[in-house]
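I have placed the structure first, in the form of C-alpha cells, so that the comments after it can refer back to it.
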Amino acid sequence: MIKEKQWFNIFIIIGIMFLVFFGKKEVVYADSISTKVEVSCSSYEMSEKNPYKYDDLDITDKMSFGLKSLGKLYVCGKDISQKSFNGIDAYGVSGNASLVYSFDQSVVNASDDKWHLVKDKTKKVNGKKLDSNILGGVILIEKSYSGDNYVNVGSPICDYFNTNKSSNQICTIAGNDISKGVYYRITLAYKTGKKNKDFPWNTKYLRHVEKYDFYIVENSGIISIHNLSADEELIKYKDYSQELLRHGETLEDNSVTRDGFEIESFASSYSVSVQKDNGKPVLIKSGERFTEDGKYKIKVRTKIGKEITKTVYVFKGSEDKGYSTYFGAGLVQAERVFRNDSVPTYARGGRIHIHKVDDSIPILYGTVKMVSDNKAIYSLDGTRSEQAVSLYPGEYIVDLYNGKQNVAGSFYHYIFKFNVIDEESAPYVNYHELSETQQLEDLQSKHYEVVYKTNRGGYVYVCFSIDSYDDALKYAREIEGRYVETVSGNEGGWYYKSEKNPNRKVKYYDEIELTKIREYYAKKNIEINYFNPLDEFTYRTYDNNLLDCLEDLNISDSIKVFPSHEEKNKLTDRAPYLNNFKFIQASKYDVVNVRVKNTSTDEMTDIKFGVSVDKQLKETSKYRIIETNLYGRSKEYDAIYMNECQTRSRWVVEKDNQKRIVDITPDMVSNNSIISIDADSVYVSEIYNIYDKWAIVTIKAPKVYSSEIKCLAAEFKNIELNKGGTYEISFIDRIGNSYKMNLNISGNKEYSNKNDFTSSYTELYNKIYMNNMDEREDYTELPLLVSDNETIGSDDMYNTNDAYETNEKNVEDKANKSKNDEGNHNEKKRNPVVIVFVVIAALIFVFVLKKGKTAKNEEVHKDEKNK
C-alpha cells in the first residue's frame, strides 16, 4: 500500500514533468543565437480621422499612453555591428538574421479609463490597402534593394497585438538579401482610446504609427580561399627527405599553398582586392584563381566599412621544391666525410645555415634536435633573417616547415637526419678497409684449436689465440662434459670414456679420478695449428654468429670457427698490406686522388682507382700512402707491398768436410720457385721475415719422419739436420707469397755429435707440439660436472661401430709417429704422444694407490671385459 509520504513524492514528480512538457517556451532566434540589437524608431501620433498618414507629421518623442512606442524592434543575429549607411542606421551581421518585436502588455490590456488598445476597422495605412481590417494593430514588413520602391515581405499581420505574445519573431531575413545588402521598413499601425472620467459616454481615440527604417548587410568579411594543391608523394633530394603536407581545403591568413588558390563564395556586398608582392591592388570577382609564386595580400571591405586583410603565399619552389631557396647548396655547412651510415656524416666544426628570404617567400618554422635526448637545441619561430646554428658531435634531426603546422594549406616539410663526428675531415674508406676490415693477412698464424666431433662425423675446430690457452682448456672441458653421464639410483657414479679407449665408456665412482680422465681428454683435444694461405682449409672459417648456431649443426664436413668476437679480435694482428688491394673512390668528398711514396727510394706513384695495386707497384717496400679529399685534406699512413716472399735465411752447409754459408734472400727467388741444396748436414741459425712476423715455415721429410712440422719462421732456428733423406721446406708469408727449398741430406754425418744449443728435427717437433700444460690448472679447482641424466643400458660400450676420433688426420699420424734417437738408427722409433700417455697413466696409478680405491674400479673394469 502506498503511504502518504510516497503519494506526496509522486505528485511532486508529476508536477515537474508537467512544467517540463507544457511550461513556457523561450523564443529561439535565427541560428539559435540570442545576440540582439534594438532598432531606432520614428513615432507618429494622429487623430482618429487621420488614415495613418504620417509623411507630413512630426516625429513624437512620447505617445499619449506615455511611451515612445508600444514595443521595440530588435535585429537578432551573430556578431552584429551598427553603423550608418546612406544616412540611415545599418546593421552588419555574420550569417542569418531575424527581426523580433517585443511589446508591453499593460497598454494592450489596460482598462477603459486608461489608454488602451482598441479595434480599428480601417483597411488602409498611409494610403496602402490591406486585405483585412487592422483590428488590434497591424505590422507591415517591406524591403528595398535600392532604398526606393519598397515591396511587401509577405502579407501584413493584422490584429497583431491580440493574437501574439509580448515577444515574437516577425521575420527571418533571407541569406541572399543579407549577402547583397537590403533596406528594411517595418511599420506598426494601431488605435488607442480612453474614456473620460467626467463624461463616461465620451471616449477619445487616437491613431499611432511606429516606423523602423534600417539597412542590413553581411559584415563578417569572410571569404572562401580554396586550396588548389594536389597531393604529392614523398621525394628524396640531396640527402634529405621531403613531403608535401596538406591541411584543409580553405586557406587562412598566412597559409602556404603549393599550386595556388581560388577566391570564391564571398558576399556580393563585399569589395575584394588582391595585391601580389609589391604591385597595385586589383579588385576581383568571385571565382578568380592565382597560381604564380609570390605573396598575395587579399583585402576585404564590407559596405559598412569593416576591413579584413589576409596573406596567402604560393610557393612551388621550382624543381628542387624550395631547397635552394632556403638552404642554398646545402643545409649543413661542414666538410662531409664518408661513413657506412644510413644518413650523411660530417666532420666537426660545421654549422646549419638557413638563407635570408624576402617578403614574397613563406617563412620556415621548425626545430633542430639532438636524437640522444629528443630536445630542441634551436627553434625557428618564423624569422626571415639569416640563421646559423653551430654543430657539435652527435646525431641530429632537423624538422622544418615552410608554413605553420596549425594553419591550413599545402606546404613542404623538410626532414634532415645526419651525424657529426668528433674528427677532422679526411679520407676514410680505403684506410678503413686496409686497417680495420679483417682479411687473411690480418690473422696471427699460430693459434690453438679445440677439436670435437659432430653427430654426423664432421669436426669443429674452435680457434683461440696463442695467449688464450686457459680459455681453450675451459672450452675443451665443457665439450668433454657432454660425454659424462650421471647414473641415477642408489648406486650413483658416472659413465665416461675409458682412459685406454675413448670409444669405450666405463663407470666411475670416484669424482676426482673422473675429473682427471676428463682433463686428460680435454687437453688432448687442444692442438697448436697455423693459418696457411696456401691451404684453404686452414683459414676457411665459419663466421655467422660464431658459435651461436654450431651446437645445433649436424654437419658431415669439418669447419673452423672463432668462439667469440673477442677471441677473433685477439687473433688479429692488423698490419696493412697493399697486395691484391684496389683503392676505390667512394665519393669525391672522401678521396679525389691517391699517391704512394716508396720509403726506400722516395719515388712517388699516382694510384688509379679500381685497379689492383699489384699492377701498379713492383718493388717490395713499405709505402707512405697519401690520400686527398675534395676539401684538400689528406690522410697519410703506411702499408706494405710484397712482390715476392721476403723470408730470409742463412744456412751452414757441410759437404765432403767442407763448410760454406748459403744466404737465401728475396732477390734470389721468385714465388713458387724451388732451391735445391745437397749436403751431408745443414744448420740454420735463424729464419726471419722483416715484413711479416707471422710468416710460417713448413718442413717435412716423408721418408725420414712421419710427422710434418709447421711453425713460425721465428721459431725455426738453431736447427741441425743430418739424418739422410730429402727435406722439403716451404717459406710462406700471410700474403700467400712462397718459395721452397729441397735439402738432400746424404746421411754421412748422421752419427756425429751435434752442438748442445742446436735442436734436431724431433726436438723441434716436441718443443712446438708437446708442451706439457698440466701445471697451469689444479684438478681440485675444476667445476662440478653436469649430467644429462641419460639412462645407460647393461652394455657399457659406447660408439663401438664408429671410430671415436678426437682430432683431425694429423692427430692420428702423431699417435703412430716414430720418435727415434737420431744418434742410433737401429733403435725403434717412439712416439712422443705415447710417452706422455705413459707418464700420465703412471701418475694416475700412483694417485689411486694412495687413495685406496683401486679395488672397486678394478672390479668395474673386470665386469666390462666380461661384457
Side-chain angles (χ1 to χ4, degrees), residues 227 229 232 234-248 251-258 293-297 309-318 320-336 341-422:
N227 188 6
S229 296
E232 190 167 309
L234 186 72
I235 64 169
K236 285 285 282 184
Y237 180 79
K238 288 187 178 180
D239 298 320
Y240 76 97
S241 297
Q242 178 183 314
E243 59 183 337
L244 183 69
L245 299 182
R246 186 177 180 87
H247 292 169
L251 301 182
E252 307 167 47
D253 188 28
N254 287 313
S255 285
V256 178
T257 172
R258 162 69 172 78
D293 277 12
K295 175 184 178 181
Y296 292 83
K297 185 176 290 185
T309 301
K310 291 187 177 182
T311 300
V312 173
Y313 294 90
V314 177
F315 187 74
K316 300 180 183 66
S318 66
D320 63 10
K321 316 301 181 189
Y323 184 97
S324 57
T325 302
Y326 295 111
F327 316 117
L331 172 78
V332 180
Q333 290 189 343
E335 294 183 5
R336 178 86 177 265
D341 294 327
S342 58
V343 296
T345 303
Y346 298 92
R348 65 187 175 204
R351 66 174 187 166
I352 288 174
H353 180 255
I354 299 173
H355 284 205
K356 177 182 179 181
V357 294
D358 60 40
D359 191 54
S360 64
I361 304 298
I363 304 173
L364 283 178
Y365 299 85
T367 59
V368 178
K369 290 184 178 181
M370 293 286 283
V371 174
S372 57
D373 56 10
N374 198 34
K375 292 182 179 179
I377 63 171
Y378 191 80
S379 296
L380 278 79
D381 56 0
T383 179
R384 295 187 176 279
S385 61
E386 182 180 13
Q387 302 290 299
V389 183
S390 298
L391 296 174
Y392 301 94
E395 187 177 355
Y396 288 83
I397 180 168
V398 180
D399 268 349
L400 299 178
Y401 306 81
N402 72 332
K404 292 183 178 180
Q405 294 184 65
N406 59 348
V407 176
S410 49
F411 48 89
Y412 292 120
H413 177 202
Y414 304 99
I415 309 109
F416 301 84
K417 296 180 181 179
F418 58 89
N419 296 328
V420 176
I421 58 175
D422 194 17

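Please read all numbers here as calculations on a predicted model, not as lab measurements.
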What orientation do Phe327 and Tyr323 show, parallel under 30°, tilted 30 to 60°, or perpendicular over 60°?
perpendicular

Give a yes or no on whether Lys297 atom NZ has more than 12 heavy-atom contacts from other residues, nucleotides or ligands under 6.0 Å away.
no

So the ring pair (Phe, Tyr, Trp, His ring centres under 6.0 Å) pairs with at least one residue in residues 355-389 (sequence neighbours excluded) are His353-His355

From [X] atom [atom1] to [Y] atom [atom2], the distance as rounded to the nearest 0.5 Å:
X      : Y      : atom1 : atom2 : answer
Phe315 : Thr325 : CZ    : OG1   : 4.0 Å
Ile354 : Leu380 : CD1   : CG    : 4.5 Å
Ile361 : Asn402 : CD1   : CG    : 9.5 Å
Thr311 : Tyr296 : OG1   : OH    : 13.0 Å
Met370 : Lys375 : CE    : NZ    : 12.5 Å

If every non-hydrogen atom of [X] is compared with every non-hydrogen atom of [Y], which pair is closest and at what distance?
X      : Y      : value
Leu251 : Gly409 : CD2-CA, 3.5 Å
Gly317 : Asp320 : O-OD1, 3.0 Å
Arg258 : Lys321 : NH2-NZ, 3.8 Å
Val256 : Pro362 : CG2-CB, 3.6 Å

Side chain to side chain donor-acceptor pair (under 3.5 Å) with [X]: which residues, sequence neighbours excluded?
X      : result
Ser255 : none
His413 : Glu243, Asp399, Tyr401
Asp358 : Ser360
Thr309 : none

Write out all pairs satisfying salt bridge (Lys or Arg N to Asp or Glu O under 4.0 Å) with one or both partners inside residues 359-369, taking only residues at least two apart or from two chains.
Lys295-Asp359, Asp359-Arg384

Are Leu364 and Gln387 side-chain neighbours, meaning at least one heavy-atom pair lies under 4.5 Å?
no

Tell me if a side-chain donor or acceptor on His247 pairs with a main-chain N or O of Gln405 at a distance below 3.5 Å.
yes

Apply side-chain contact (heavy atoms from CB on, under 4.5 Å) to Val398 and list each qualifying residue two or more places apart in sequence or on a separate chain.
Leu331, Ile352, Val368, Leu400, Phe416, Phe418

Under the rule for side-chain contact (heavy atoms from CB on, under 4.5 Å), what residues qualify as partners of Ser390, not counting sequence neighbours?
Tyr392

Residues that Lys316 engages under salt bridge (charged side-chain N to carboxylate O under 4.0 Å, His left out), provided they are two or more places apart
Asp293

Distance-only check: which donor-acceptor pairs under 3.5 Å involve side-chain atoms of residues 341-349, not counting sequence neighbours?
{"unit_1": "Asp341", "atom_1": "OD2", "unit_2": "Thr345", "atom_2": "OG1", "d": "3.1"}
{"unit_1": "Arg348", "atom_1": "NH1", "unit_2": "Asp422", "atom_2": "O", "d": "3.2"}
{"unit_1": "Arg348", "atom_1": "NH1", "unit_2": "Asp422", "atom_2": "OD1", "d": "3.0"}
{"unit_1": "Arg348", "atom_1": "NH2", "unit_2": "Glu424", "atom_2": "OE2", "d": "3.4"}

Evaluate ring-ring contact (aromatic ring centres under 6.0 Å, His included) for Tyr412 paired with Tyr326, printing each intermediate quantity in order.
CA-CA 12 Å; Tyr412 292 120; Tyr326 295 111; 8.7 Å; no

